[in-house]
Amino acid sequence: MTSISSLAEIAALIGEPTRTAMLVTLMDGRALTAGELARAAGVTPPTASGHLARLLEAGLLGVEAQGRHRYYRLSSPAIGAMLEGMMGVAATIDAGVKRKPVVTGPRDKALRRARTCYDHLAGEVAVAIADALRASGRIDLDREGAAVTGEGLVFLADLGIELDGTASGPVFCRPCLDWSERRPHIAGAVGSALYRALLARHWLRRVEGSRAVIVTPAGVVGLESRFGVRV
């Protein structure tokens, strides 16, 4: 069982604004250099190095060496899911606090519509897909757990997604509470495989340098015809 001290240490690490900015920047699944993360967090490279060392030591980040460069990424999808969940809590708290109205720009709207949550899809489109799969009996999904039904396995296979529920590695299928929609989308191996399949079909397109994902014209047609989701 995770000790209270370990939990407090992780909370303290994430609670520092510079480290929070770095972790959120990596939520789109990319691996970035220390310099790129320093710019994202608005700090100097030496300052960034100190923060990255602490995140590495705590196991929140992994690092890969390629030539002269070192690339940092979130150590696992669980870290991305944890951050997404914390965003949901923060949004709930913010909603209960009286503030001056904030006018959000197009980028914010794009992130709410569709974005990456580390290795799977999140946002309005992802929640709509999850709702459609649940309504059609292809997946059992609620805040507590998720499971692909036999009909769901056939449906996913028809999309070119072959799944082995006994495989080791990422959790096969689980709900991930969407911070903007406050309802679950699909994560785990199923969520990751589904996201990759939609990218491969060119139904989705990633936005360079952002977590935002665009639904292409082909995706508008495909999501409605296959999932019954109108975008």
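One-based numbering along the sequence shown.
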Enter the distance from [X]:[atom1] to [Y]:[atom2] here, rounded to the nearest 0.5 Å.
| X | Y | atom1 | atom2 | answer |
| --- | --- | --- | --- | --- |
| Ile14 | Glu9 | CD1 | CD | 11.0 Å |
| Leu156 | Ile139 | CG | CD1 | 7.5 Å |
| Leu159 | Leu198 | CG | CG | 7.0 Å |

Taking side chain as C-beta onward, heavy atoms only, is [X] less than 4.5 Å from [Y]?
| X | Y | value |
| --- | --- | --- |
| Leu61 | Leu52 | yes |
| Cys173 | Leu141 | no |
| Asp131 | Arg134 | yes |
| Leu204 | Thr216 | no |
| Leu13 | Leu23 | no |
| Val125 | Val213 | no |
| Leu56 | Tyr72 | yes |
| Ile79 | Met82 | yes |

Side chain to side chain donor-acceptor pair (under 3.5 Å) involving Ser76 - partner list, sequence neighbours excluded: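 Partners of Ser76 under the side chain to side chain donor-acceptor pair (under 3.5 Å) test: none.
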[X], [Y]: one ILVMFWY side-chain cluster at the under-4.5 Å cut-off?
| X | Y | result |
| --- | --- | --- |
| Leu60 | Val24 | yes |
| Val190 | Trp203 | yes |
| Val215 | Leu133 | yes |
| Val207 | Leu121 | no |
| Tyr71 | Leu55 | no |

Check residues 221-231 and write down every donor-acceptor pair under 3.5 Å in which the side-chain atom is one partner and the other belongs to a residue at least two apart or another chain.
from	atom 1	to	atom 2	distance (Å)
Ser225	OG	Val221	O	3.1
Ser225	OG	Gly222	O	3.2
Arg226	NH1	Asp158	OD2	3.4

Can you tell me which residue pairs pass the ring pair (Phe, Tyr, Trp, His ring centres under 6.0 Å) test with a partner in residues 30-69, sequence neighbours excluded? none
If a pair satisfies ring pair (Phe, Tyr, Trp, His ring centres under 6.0 Å) and one of its residues is in residues 116-136, list it, with sequence neighbours excluded.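 Matches after skipping sequence neighbours: His120-His185.
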Side-chain polar contacts of residues 29-38 - donor-acceptor pairs under 3.5 angstrom, sequence neighbours left out - could you list them?
from	atom 1	to	atom 2	distance (Å)
Arg30	NE	Asp28	OD1	3.2
Arg30	NE	Asp28	OD2	2.5
Arg30	NH2	Asp28	OD2	3.2
Thr33	OG1	Glu36	N	3.2
Thr33	OG1	Glu36	OE1	3.4
Glu36	OE1	Thr33	N	2.9

How close do [X] and [Y] get, heavy atom to heavy atom, and via which atoms?
| X | Y | answer |
| --- | --- | --- |
| Ala41 | Met22 | CB-CG, 4.1 Å |
| Ala157 | Glu162 | CB-OE2, 3.7 Å |
| Cys176 | Glu84 | SG-CG, 4.2 Å |
| Ala12 | Arg19 | O-NH2, 3.7 Å |
| Ala130 | Ile186 | CB-CG1, 3.9 Å |
| Ser210 | Leu111 | OG-CD2, 4.1 Å |

Walk me through whether Arg115 and Asp178 qualify under salt bridge (charged side-chain N to carboxylate O under 4.0 Å, His left out). CA-CA 11 Å; Arg115 63 183 181 275; Asp178 196 281; 3.1 Å; yes
Would Tyr195 and Thr116 count as a side-chain contact (heavy atoms from CB on, under 4.5 Å) if you check the C-alpha gap in whole Å, the side-chain angles of each, and the deciding distance to 0.1 Å? CA-CA 9 Å; Tyr195 174 55; Thr116 52; 3.1 Å; yes
For [Y], does its backbone N or O pair with a side-chain atom of [X] as donor and acceptor, under 3.5 Å?
| X | Y | value |
| --- | --- | --- |
| Ser192 | Gly188 | no |
| Arg113 | Glu124 | no |
| Glu181 | Arg183 | no |

Inter- and intrachain pairs under salt bridge (Lys or Arg N to Asp or Glu O under 4.0 Å), touching residues 65-77, at least two apart: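 Checked against salt bridge (Lys or Arg N to Asp or Glu O under 4.0 Å) - neighbours excluded - the pairs reaching residues 65-77 are Glu64-Arg73.
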If you count the non-hydrogen atoms of other residues, nucleotides and ligands that lie under 6.0 Å from CZ in Arg201, is the total more than 12? yes
